[in-house]
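Throughout, a chain's letter reflects where its sequence line sits, starting with A, and its residues are numbered from 1. Computed from heavy atoms alone, side chains included, the values below leave out hydrogens, waters and symmetry copies. Note that the structure is predicted; figures quoted are calculated from it, not measured.
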There are 2 protein chains.
Amino acid sequence: MPDKRLSLYFQLLNEIGIVSQLSRTLLESRMEHGMLLPHFSVLNHLIRVGDGTTPLKLANAFQVPKTSMTHTLARLVDAGFIEMRENEKDKRSKSIFITRAGRAFRDQSIQSLAPDVQALAKELSMKEVQAMLPALEHLRKILDRQRD
Amino acid sequence: MPDKRLSLYFQLLNEIGIVSQLSRTLLESRMEHGMLLPHFSVLNHLIRVGDGTTPLKLANAFQVPKTSMTHTLARLVDAGFIEMRENEKDKRSKSIFITRAGRAFRDQSIQSLAPDVQALAKELSMKEVQAMLPALEHLRKILDRQRD
DNA sequence: CTCATATAGTTCGATATCGCACTATATAGT
DNA sequence: ACTATATAGTGCGATATCGAACTATATGAG
């Protein structure tokens, strides 16, 4: 593969990395209680996709090592934003539930971020976003498949 | 702003975060010497954009805090992949140069990753990549501007 | 049923990350 | 020139991240 082609793909992933970094910093600067992006992401996921899921499924959803997810969940339990219950059917496994406080925190984080998203929306239309999403999902699925 | 609109933008950033995470893991699994994505990214940048730049400029290029860049650069110096020289004109500042070993390591990393990129290219054409890039750059610039 | 293997999650240690506070140097205002 | 402010980079401490090894439970092969 010629260098030019290779570097195009590198450029794509580099650009994605920088955007990821920027949005992470933005979110974290708006959140309270010292919560970080992974904490918010988990809470948001529990609401969007539904709770009762397991730590491993969450780790897979965010593509982080399960050991990192353990840590993130422990922090959320400490903060009172989630509950971890034993799974009676499979004693190895646990189930995660979001608490009232967790919902409140997630809602509040979104509200704190709303002005930023509004500003973003002024320059990047929903149409443009909708155009980007399928390609990104496609890319994610490819990379996900390659991981094995 | 209605929830639906808000969540579309969240979904975009979430998807970008996951792809970023996936590509990071992939790259790091292919690199030797315990180097991580930031180390590779800096070396790659020094070659693509040219060296002689400063730590602060690098921090800005990757949108990380300058204190993180200090750490990354120290690691690269230790590994013998870059050199840091004093700037005679401005004694506060330093200049970064990539070494022969740094170039070799960067080239080798790219070679190690080439098969993965090839596999990726089979499913995601250059055309698709070229279609994604402008939108991502646009998004990056908007977020970058908002940061201030 | 028993044993080998797979799976879910945690612990531990090494390193990365980053905010805050700090030093040193440069620049601007008067 | 003198002082206030801005800028480049670093040191430190708290926390996050992650690979390797571990425990506990489940599943499958015979």
Side-chain angles (χ1 to χ4, degrees), chain A residues 17-18 20-42 52-79 82-96 147-148, chain B residues 17-18 20-42 52-79 82-96 147-148:
Chain A
I18 292 173
S20 163
Q21 172 71 18
L22 273 164
S23 62
R24 174 177 193 133
T25 306
L26 177 60
L27 175 67
E28 292 182 353
S29 74
R30 294 283 181 269
M31 278 201 302
E32 304 185 358
H33 300 72
M35 291 286 121
L36 301 177
L37 172 65
H39 308 118
F40 170 81
S41 300
V42 166
T53 183
T54 72
L56 189 56
K57 280 182 187 159
L58 287 170
N60 288 335
F62 295 108
Q63 298 296 343
V64 297
K66 58 186 180 170
T67 179
S68 304
M69 188 51 66
T70 295
H71 193 265
T72 300
L73 294 175
R75 191 105 165 53
L76 285 169
V77 169
D78 282 353
I82 63 171
E83 275 177 29
M84 277 183 75
R85 300 185 205 145
E86 275 211 345
N87 179 341
E88 288 307 320
K89 310 263 178 156
D90 184 342
K91 294 289 205 64
R92 295 170 304 180
S93 187
K94 313 229 170 130
S95 302
I96 308 294
R147 200 172 41 104
D148 317 320
Chain B
I18 292 173
S20 162
Q21 172 71 19
L22 275 164
S23 61
R24 176 179 191 131
T25 305
L26 177 60
L27 175 67
E28 292 182 352
S29 75
R30 294 284 182 268
M31 277 201 302
E32 305 185 358
H33 299 70
M35 290 287 121
L36 302 177
L37 171 65
H39 308 117
F40 171 81
S41 300
V42 166
T53 183
T54 72
L56 189 55
K57 280 182 184 159
L58 288 169
N60 287 335
F62 295 107
Q63 298 296 343
V64 297
K66 58 186 180 170
T67 180
S68 303
M69 188 51 66
T70 295
H71 193 264
T72 300
L73 294 176
R75 192 103 165 52
L76 285 169
V77 169
D78 282 353
I82 62 170
E83 275 178 28
M84 276 182 77
R85 300 185 204 144
E86 275 211 344
N87 179 341
E88 287 309 319
K89 310 263 180 158
D90 184 341
K91 294 290 205 61
R92 294 169 304 180
S93 186
K94 312 228 172 131
S95 302
I96 309 294
R147 198 172 41 104
D148 316 322

Between [X] ([atom1]) and [N] ([atom2]), how many Å, whole number?
X: B/E86; N: C/dA24; atom1: CD; atom2: P; value: 13 Å
X: A/H71; N: D/dA20; atom1: NE2; atom2: C1'; value: 17 Å
X: B/E28; N: C/dT15; atom1: CD; atom2: P; value: 15 Å
X: A/Q63; N: D/dT17; atom1: CD; atom2: C1'; value: 16 Å
X: A/N60; N: C/dG9; atom1: CG; atom2: C1'; value: 13 Å
X: B/R24; N: D/dA16; atom1: CZ; atom2: P; value: 16 Å
X: A/L73; N: D/dT17; atom1: CG; atom2: C1'; value: 14 Å
X: A/M69; N: C/dA8; atom1: CE; atom2: P; value: 14 Å

How close do B/R75 and B/G34 get, counting heavy atoms only, and between which atoms?
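Closest heavy-atom pair between B/R75 and B/G34: NH2-O, 3.3 Å.
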Can you name the nearest heavy-atom pair linking B/E28 to B/P38, along with the distance?
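Of all heavy-atom pairs spanning B/E28 and B/P38, the closest is OE2-CD, 4.4 Å.
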Can you check whether [X] has a side-chain N or O nearer than 4.0 Å to OP1 or OP2 of [N]?
X: B/S93; N: D/dG9; answer: yes
X: B/R75; N: C/dA16; answer: yes
X: B/Q21; N: D/dC18; answer: yes
X: B/S68; N: C/dA16; answer: no
X: A/T70; N: C/dT10; answer: yes

Can you tell me the pairing partner of C/dT30 across any strand shown, Watson-Crick or G-U wobble, with both distances under 3.5 angstrom?
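Check on C/dT30: paired to D/dA1, both distances under 3.5 Å.
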By nearest nucleotide on DNA chain C, pick out whichever of A/P55 and B/D90 is the more 5' one.
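Nearest nucleotide further toward 5': that of A/P55.
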With nearest nucleotide decided by heavy atoms, which residue, A/T25 or B/H39, maps closer to the 5′ end of DNA chain C?
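Mapping each residue to its closest nucleotide by heavy atoms, the 5'-most match is B/H39.
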Nearest-nucleotide 5' precedence on DNA chain D, A/T72 against A/K89
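Final value for this comparison: A/T72.
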Give, for atom NZ of A/K89 and atom OG of A/S95, the distance between the pair rounded to the nearest 0.5 Å.
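Nearest 0.5 Å value for the NZ-OG distance: 11.0 Å.
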Kindly compute the distance separating CG (B/L58) from OG (B/S68), expressed to the nearest 0.5 Å.
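Going from CG on B/L58 over to OG on B/S68, the span is 13.0 Å.
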Would you confirm whether A/Q63, through its side chain, and B/Q21, through its main-chain N or O, come within 3.5 Å as a donor-acceptor pair?
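Not at all, since once roles are kept as given, no pair shorter than 3.5 Å links the two residues.
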Answer yes or no: is there a donor N or O on one side and an acceptor on the other, between the side chain of A/H39 and the main chain of A/L36, under 3.5 Å?
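Yes; judged by distance alone, with no hydrogens or angles, the pair exists.
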Assess whether one donor atom and one acceptor atom, taken from the side chain of A/T67 and the base of C/dT11, lie less than 3.5 Å apart.
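Indeed, a donor on one side and an acceptor on the other fall under 3.5 Å apart.
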Between the base of D/dG9 and the side chain of B/K66, is there a donor-acceptor distance below 3.5 Å?
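Counting by modelled atom types and ignoring angles, a donor-acceptor contact under 3.5 Å is found here.
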Which nucleotide sits closest to the side chain of B/R92: C/dC18, C/dA24, D/dA26?
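The closest nucleotide is C/dA24.
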Which nucleotide in the list D/dG9, D/dG19, C/dT25 gets nearest to the side chain of B/T54?
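Taking heavy atoms from C-beta onward, the closest nucleotide is D/dG9.
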Contact class for A/M84 (heavy atom, under 4.0 Å): base, sugar-phosphate, or nothing?
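The residue A/M84 makes sugar-phosphate contact but no base contact.
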